[in-house]
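Nothing here was measured: the structure is a model prediction, and the numbers come from that model.
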Amino acid sequence: RWAGRSAWRNPSIPWTRWLCRVRDRAAARLWQQLTQLSNADQQAHLDTLLQVAEGEHTTLLDRLRHAPSRVSGPGLVTALHRVDAIRALGVSDISLDHLPLNRLRALARYAAAARAQAISRMAPERRTATLLAFAHAFERTAMDDAIDLLDTLISDIVRGAHKDGEKERLRTLQDLDIAALQLWDALQVLLDYNVKPLEIRSQTFARVPRQRLLEAGAEVEKLTRPPDDNYYDELVDRYKSIRRFLPTLLRRVSFEGIQAGQPLLEALAFLAWIDKQRRPDMSQAPLEGVPSAWRRLVKPPRQTEVDRQAYTLCTLERLQDGLRRRDVFVSRSERWGNPRIKLLHGEQWEATRSQVCRALNRNESPEPELEALAYQLDAAY
């Protein structure tokens with residue numbers, strides 16, 4: 001205001017200079033507000049971003065700015081440690097909701113691109129504000145990078161299992177054909193009307209010996225797959241590669257979810273609980289969300305105990321699906337967060353409900369809308 005009144009009263013001041021004054025004053029005020037939100041300990045932790053630790057060649061800021069690019073279990077662990085390093089600065093709980101979002105993003109982008117030496121030469125208030133904006137924004141960025149890597153890693157594991165399963169199936173097709181033809185030879189005797197019922201057994205074994213028939217049946221049972229099989233057996237064989245990152249994932253990432261994702265959250269909590277147990281009690285494993293295609297592996301019909309490896313792989317596959325559906329989400333994340341948090345709730349929604357429904361040409365009450373959707377679903381079915 002002061003700069004505007006001065007420029008208005010003194011036309012000799014160029015407008016460009018006046019605009020620069022306004023921007024400088026707004027920037028200085030933002031730096032001051034950000035500095036006041038942090039205490040001395042937090043400011044000291046932020047200054048460690050610009051320091052080169054013993055045995056390192058770069059600053060912590062430089063290391064945190066580079067996203068992990070290696071798609072592997074150790075790469076995911078490194079990405080999760082990156083999130084821990086940002087959280088260790090102790091500024092995650094500082095609320096910046098009352099400050100301009102675009103200005104904070106601009107500060108974070110500058111800190112992500114500028115040299116650490118240039119930031120260290122700034123004035124104390126500006127340096128603290130810049131590092132605080134970086135730490136606050138890059139915690140979400142680092143979490144996004146870690147979950148992106150998790151999604152890619154699970155896809156690679158599933159794709160590798162499919163590839164191995166298809167190779168194994170092609171390799172055993174010849175054995176399956178031989179066994180199936182032997183069974184067909186025995187079945188032809190049974191279907192022949194000219195053979196007397198009392199002679200069926202003797203003529204069948206005359207064409208195909210009993211032992212060979214038993215071996216053919218066992219071979220067919222071993223090589224055939226159920227209709228809903230999705231190469232889950234080969235997926236379970238990759239349990240060791242999952243163990244490289246799963247314990248760190250369960251300890252470092254706090255998953256949340258809506259009502260549809262609660263069975264998956266219970267399964268994740270159970271895996272975290274039994275992680276350090278040598279002989280866990282798998283009878284307490286929640287099986288509510290286990291798909292029917294996984295049931296024969298997770299809890300085989302002839303066994304009373306839940307298979308830990310199959311249960312872990314099943315939960316991990318469901319986790320990827322839940323994250324993509326947003327039934328499960330991570331709170332401190334942009335791309336994998338809860339999209340429903342931006343919706344209007346309570347009094348805000350009631351105040352704008354009529355206007356929004358009118359703009360979208362929708363009825364304010366849900367019953368007519370549900371009836372229309374039910375009619376469309378029934379017609380499509």
Side-chain angles (χ1 to χ4, degrees), residues 23-68 76-147 247-256 272 329-338 341:
R23 292 181 60 182
D24 291 343
R25 288 171 63 87
R29 182 181 179 185
L30 179 63
W31 301 338
Q32 183 181 12
Q33 290 177 330
L34 286 171
T35 304
Q36 291 175 352
L37 291 174
S38 59
N39 53 39
D41 293 336
Q42 291 171 334
Q43 294 175 14
H45 286 309
L46 290 173
D47 288 337
T48 59
L49 290 171
L50 306 175
Q51 300 173 4
V52 180
E54 186 177 355
E56 299 288 345
H57 300 284
T58 57
T59 62
L60 179 60
L61 178 64
D62 292 329
R63 296 196 298 272
L64 293 179
R65 288 189 291 195
H66 296 289
L76 179 56
V77 172
T78 302
L80 295 173
H81 288 330
R82 179 182 178 223
V83 177
D84 283 344
I86 297 178
R87 289 176 176 172
L89 299 174
V91 297
S92 301
D93 296 332
I94 297 178
S95 177
L96 306 182
D97 296 337
H98 61 287
L99 298 177
L101 180 60
N102 291 333
R103 299 294 303 278
L104 294 174
R105 288 177 176 175
L107 279 177
R109 284 196 300 268
Y110 178 81
R115 293 173 59 87
Q117 294 82 355
I119 299 177
S120 63
R121 289 194 295 266
M122 292 178 178
E125 279 192 350
R126 184 181 180 184
R127 181 177 66 250
T128 300
T130 303
L131 296 177
L132 176 58
F134 168 82
H136 204 271
F138 261 68
E139 181 182 357
R140 296 176 177 272
T141 302
M143 182 61 72
D144 288 342
D145 294 338
I147 303 301
T248 306
L249 177 70
L250 296 177
R251 288 195 302 267
R252 298 294 190 273
V253 183
S254 177
F255 293 101
E256 302 176 19
F329 50 85
V330 183
S331 58
R332 294 184 180 272
S333 175
E334 290 290 340
R335 293 191 294 270
W336 300 96
N338 183 12
I341 199 172

Notebook entry, point to check: In chain order, what residues pass the side-chain contact (heavy atoms from CB on, under 4.5 Å) check against Arg103, with sequence neighbours excluded?
Noted result: Ala26, Ala27, Leu30, Pro100

Check: With sequence neighbours left out, what residues match Thr141 under side-chain contact (heavy atoms from CB on, under 4.5 Å)?
Finding: Phe138, Asp145

Check: Going from CG on Leu131 to CE on Met122, what distance comes out if it is rounded to the nearest 0.5 angstrom?
Finding: 8.0 Å

Margin query: For Gln42, give me all partners under side-chain hydrogen bond (donor to acceptor under 3.5 Å, both in side chains), at least two apart in sequence or on another chain.
Written below: none

Notebook entry, point to check: For Arg251, does the CZ atom have more than 12 heavy-atom neighbours from other residues, nucleotides or ligands under 6.0 Å away?
Noted result: yes

Next item on the list: Compare every heavy atom of Leu37 with every heavy atom of Ser95, then report the nearest pair and how far apart it is.
Entry: O-CD1, 4.0 Å

Next item on the list: With sequence neighbours excluded, tell me which residues meet side-chain hydrogen bond (donor to acceptor under 3.5 Å, both in side chains) with Gln32.
Entry: none

Next item on the list: Nearest 0.5 Å please: distance from the CG atom of Asn102 over to the CZ atom of Arg109.
Entry: 7.5 Å

Notebook entry, point to check: When rounded to the nearest 0.5 angstrom, what is the spacing between CD1 in Ile147 and CD in Glu334?
Noted result: 13.5 Å

Check: Has the side chain of Arg63 got a donor or acceptor atom that lies under 3.5 Å from a matching backbone atom of Thr58?
Finding: yes

Check: With distance as the sole test, does Arg140 use its side chain to make a donor-acceptor pair with the main-chain N or O of Gly337 at under 3.5 Å?
Finding: no

Check: If we only count heavy atoms from C-beta on, is the Leu34 to Leu96 side-chain gap below 4.5 Å?
Finding: yes

Checklist line | Separation between CG of Leu132 and OG1 of Thr128, rounded to the nearest 0.5 Å | finding: 8.5 Å

Check: How would you list, by chain and number, every residue that makes a side-chain hydrogen bond (donor to acceptor under 3.5 Å, both in side chains) with Asp84, sequence neighbours excluded?
Finding: Arg252

Margin query: On a heavy-atom basis, which atom in Ala111 and which in Phe134 lie closest, and how many Å separate them?
Written below: CB-CB, 3.6 Å

Note to self: Ala133: which residues meet the side-chain contact (heavy atoms from CB on, under 4.5 Å) condition with it, sequence neighbours left out?
What the structure shows: Leu107

Check: If you measure from CZ on Arg82 to CE on Met143, what distance do you get to the nearest 0.5 Å?
Finding: 11.0 Å

Check: Between Leu50 and Thr59, what is the shortest heavy-atom contact and its length?
Finding: O-CG2, 3.5 Å

Check: In chain order, what residues pass the salt bridge (Lys or Arg N to Asp or Glu O under 4.0 Å) check against Asp97, with sequence neighbours excluded?
Finding: none

Item checked: Residue pairs, two or more places apart or on separate chains, that pass salt bridge (Lys or Arg N to Asp or Glu O under 4.0 Å) and touch residues 124-137 -> Asp47-Arg127

Note to self: Show me the pairs that pass salt bridge (Lys or Arg N to Asp or Glu O under 4.0 Å) and involve residues 110-122, at least two apart or across chains.
What the structure shows: none

Checklist line | CD1/Ile341: more than 12 non-hydrogen atoms of other groups inside 6.0 Å | finding: no

Notebook entry, point to check: If you round to the nearest 0.5 Å, how far is CG of Asp144 from CZ of Arg335?
Noted result: 4.0 Å

Notebook entry, point to check: Which atom pair, heavy atoms only, marks the closest approach of Leu76 to Ala146?
Noted result: CD1-O, 3.4 Å

Notebook entry, point to check: Taking atom NE2 of His98 as the centre, does the number of heavy atoms from other residues, nucleotides or ligands within less than 6.0 Å exceed 12?
Noted result: yes

Next item on the list: Please name all residues satisfying salt bridge (Lys or Arg N to Asp or Glu O under 4.0 Å) with Asp62, sequence neighbours left out, ordered by chain then number.
Entry: Arg65

Check: Can you list the residues that meet the side-chain contact (heavy atoms from CB on, under 4.5 Å) rule with Ser331, with sequence neighbours excluded?
Finding: Glu256

Check: Between Leu46 and Ala135, what is the shortest heavy-atom contact and its length?
Finding: CD2-CB, 4.2 Å

Item checked: Test side-chain hydrogen bond (donor to acceptor under 3.5 Å, both in side chains) applied to Thr130 - qualifying residues, sequence neighbours left out -> none

